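Data first, discussion second: the structure below is written as structure tokens.
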Amino acid sequence: MTDITAGADRQPDNPYEMALAQFDAVAGRLGLDDGLCQVLRACKRELTVRFPVKMDDGSICVLTGYRVHHNEARGPVKGGLRFNAAVCLDEVRALAMWMTWKCAVANLPYGGAKGGVEVDPRTLSEGELERLSRRYATEIASLIGPERDIPAPDMGTDARVMAWIMDTYSMQHGHSVPGVVTGKPVSIGGSSGRLEATGRGVLFIVQEACRHLAMPLEGATVAVQGFGNVGGVAGRLLCQAGARVLAVSDSRCGVYNAKALDVDAIWDFKRAGGSLTDFPNGDHITNEELLALPVDILIPAALEGQIHDGNAATVRARLLVEGANGPVTPKADLILSDGGVFVVPDIVSNAGGVIVSYFEWVQDLQSFFWEEAEVNQRLHRLMVRSFQEVLARAEREKVRLREAAYMLGVSRVAEAVRARGIFP
Ligand code: NAD
């Protein structure tokens, strides 16, 4: 089997080092030549901006933001925008690179990008958040556009932030440009089903993986780390599909019930602004304890690097479906594999968001909108196709799903670079 820990001695928990190590191992296996590897390893454009935001108390706060384009050989670049205090350039680079492979695995006509601002959005008022979003949009305006770079929500951003970015860009162009972002409200050109798309895609992958493992989903036990857009929706849909969600968590703590949690009640509690530390129905556990629960299915849907060589051996789930980007480090991946855990990698399992973002962009460009049932049906078709293609490759090449997914994604991007040639 390919060892994707190759090179992981270089700071394995740095997400960009992780992404490069994963790429290098797969490039070697695909036999890509040095020049092509250099092209595919490099982030094509990196913009760092420092910009002031006027706070409600009259003070000025200078923030740092990023927008990175990894590779645009297959089309305009696409990727989320993250507002989080821990955002840094290497994280954004890694996420941009993962987006390139993810879009290629799903066979979408996009390259990869990512953006971020070093800020904790929970500390901001609505007015401060709006001024920050509009100023950041202006600072990166030279990079974005429906034909070049289309941002979308990620951690700490939502449809509201996308609406502000779309409006700011439209004001600068003198007309409405809905296709400049995806994940916006339906009232201004958003797609039905986009809000739930990543979590729904996770559900489709869990269903396919369960079928493959001959493991009934009905009655299966589940733990979800991170109860936001991805984890919250996935948790609720899994309950509706007959699974029992025993534990969920947010950044502060987890809640656990040995029989099953009332996930809809937790969803309402979180939407009302509650922290799980105050949720009354269930035992409080730590995020580490959640990861080690004896459940059938584990869904890390919070941050990267959560399952590492220090805790991977404690994972007892049979199936691990990555909702977050990069939640398992390369060393942990080997430990999980040795322990018999079937891991579906992020670039397959959380592609639902970018797939429905693609549908949204297509609908915006045509000004012709689809019913939610059609969106979900098309999402299902693409998620199942990706999973089956990756599974077939894994079986053929005798590698894990992650290497198979990387091989598929990287080879499609390499093919596009070769077909276009090197300019001039
Ligand atoms: P979100 O902000 O809606 O939710 C994140 C959740 O994780 C929150 O419940 C937060 O409290 C929790 N969290 C944060 N830090 C944590 C920690 N250290 N331990 C445990 N929980 C923690 O974000 P989201 O959009 O759901 O994104 C989650 C992950 O999924 C990210 O890795 C993101 O890149 C990835 N992702 C998101 C989308 C999307 O469409 N939103 C698509 C693909 C991948």
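Each ligand, and each atom within it, is numbered from 1 in the order the structure gives. Fair warning: this is a prediction, and the values are worked out from it, not measured in the lab.
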Query raised in the report: Is D250 reaching over with its side chain to a backbone N or O of F227, donor-acceptor style, under 3.5 angstrom?
Result: no
Query - Side-chain donor/acceptor of E46 to backbone N/O of R67, under 3.5 Å - result: no
**Report entry** Nearest-contact summary for atom 31 (C) of ligand 1 - protein heavy atom, Å
**Finding:** A302 O, 3.3 Å
Report task. Would you indicate which of T198, T157, N287, N325 comes nearest to atom 42 (C) of ligand 1 when only heavy atoms are counted? Result -> T198
Query raised in the report: Any donor and acceptor pair, going by atom type alone, linking the side chain of H70 with main-chain N or O of L40 inside 3.5 Å?
Result: yes
Query - Close approach, E196 and ligand 1, non-hydrogen under 4.0 angstrom - result: no
Query - Residue-ligand contact R252/ligand 1, heavy atom below 4.0 Å - result: no
**Report entry** Protein heavy atom at shortest distance from atom 33 (C) of ligand 1
**Finding:** D154 OD1, 3.2 Å
**Report entry** SB check K54 E128 (cutoff 4.0 Å)
**Finding:** no
Requested in this report: With heavy atoms only and a cut-off of under 4.0 Å, state how R194 meets ligand 1: side chain, backbone, both or neither.
Outcome: side chain
Query raised in the report: Which is closest to atom 26 (O) of ligand 1 by heavy-atom distance: V248, V230, D250, L303?
Result: V230
Query raised in the report: Can you find a pair of side-chain heavy atoms, one from V206 and one from V202, that are under 4.5 Å apart?
Result: yes
Query raised in the report: Do the rings of W101 and F23 sit parallel, tilted or perpendicular, given the 30° and 60° boundaries?
Result: parallel
Query raised in the report: How far is atom 27 (O) of ligand 1 from its nearest protein heavy atom, and which residue and atom name does that atom have?
Result: M155 CG, 3.5 Å
Query - Atoms of ligand 1 close to G156 [distance to a heavy atom under 4.0 angstrom, numbered from 1] - result: 2 (O)
Query raised in the report: Can you check whether E304 has an N/O within less than 3.5 Å of an N/O in ligand 1?
Result: no
Requested in this report: Answer yes or no for R135 and F51: cation-pi contact, defined as NZ/CZ to six-membered ring centre under 6.0 Å and angle to ring axis within 45°.
Outcome: no
Query raised in the report: What residue and heavy atom of the protein are closest to atom 7 (O) of ligand 1, and at what distance?
Result: G226 CA, 3.5 Å
Query raised in the report: Taking the side chain from R244 and the backbone from C239, do they hold a donor-acceptor pair closer than 3.5 Å?
Result: no
Report summary line: Here the atoms of ligand 1 under 4.0 Å from any heavy atom belonging to A324 are 29 (C), 30 (O), 32 (O), 35 (C)
**Report entry** salt_bridge(R134, D167) N-O dist < 4.0 Å
**Finding:** yes
Requested in this report: Please write down residue, atom name and distance for the protein heavy atom closest to atom 11 (O) of ligand 1.
Outcome: S251 N, 3.0 Å
Query raised in the report: What part of A301, side chain from CB on, backbone N/CA/C/O, both or neither, has a heavy atom under 4.0 Å from ligand 1?
Result: backbone
Query raised in the report: Near G323, which atoms of ligand 1 are under 4.0 Å from a heavy atom of that residue?
Result: 30 (O), 35 (C), 44 (C)
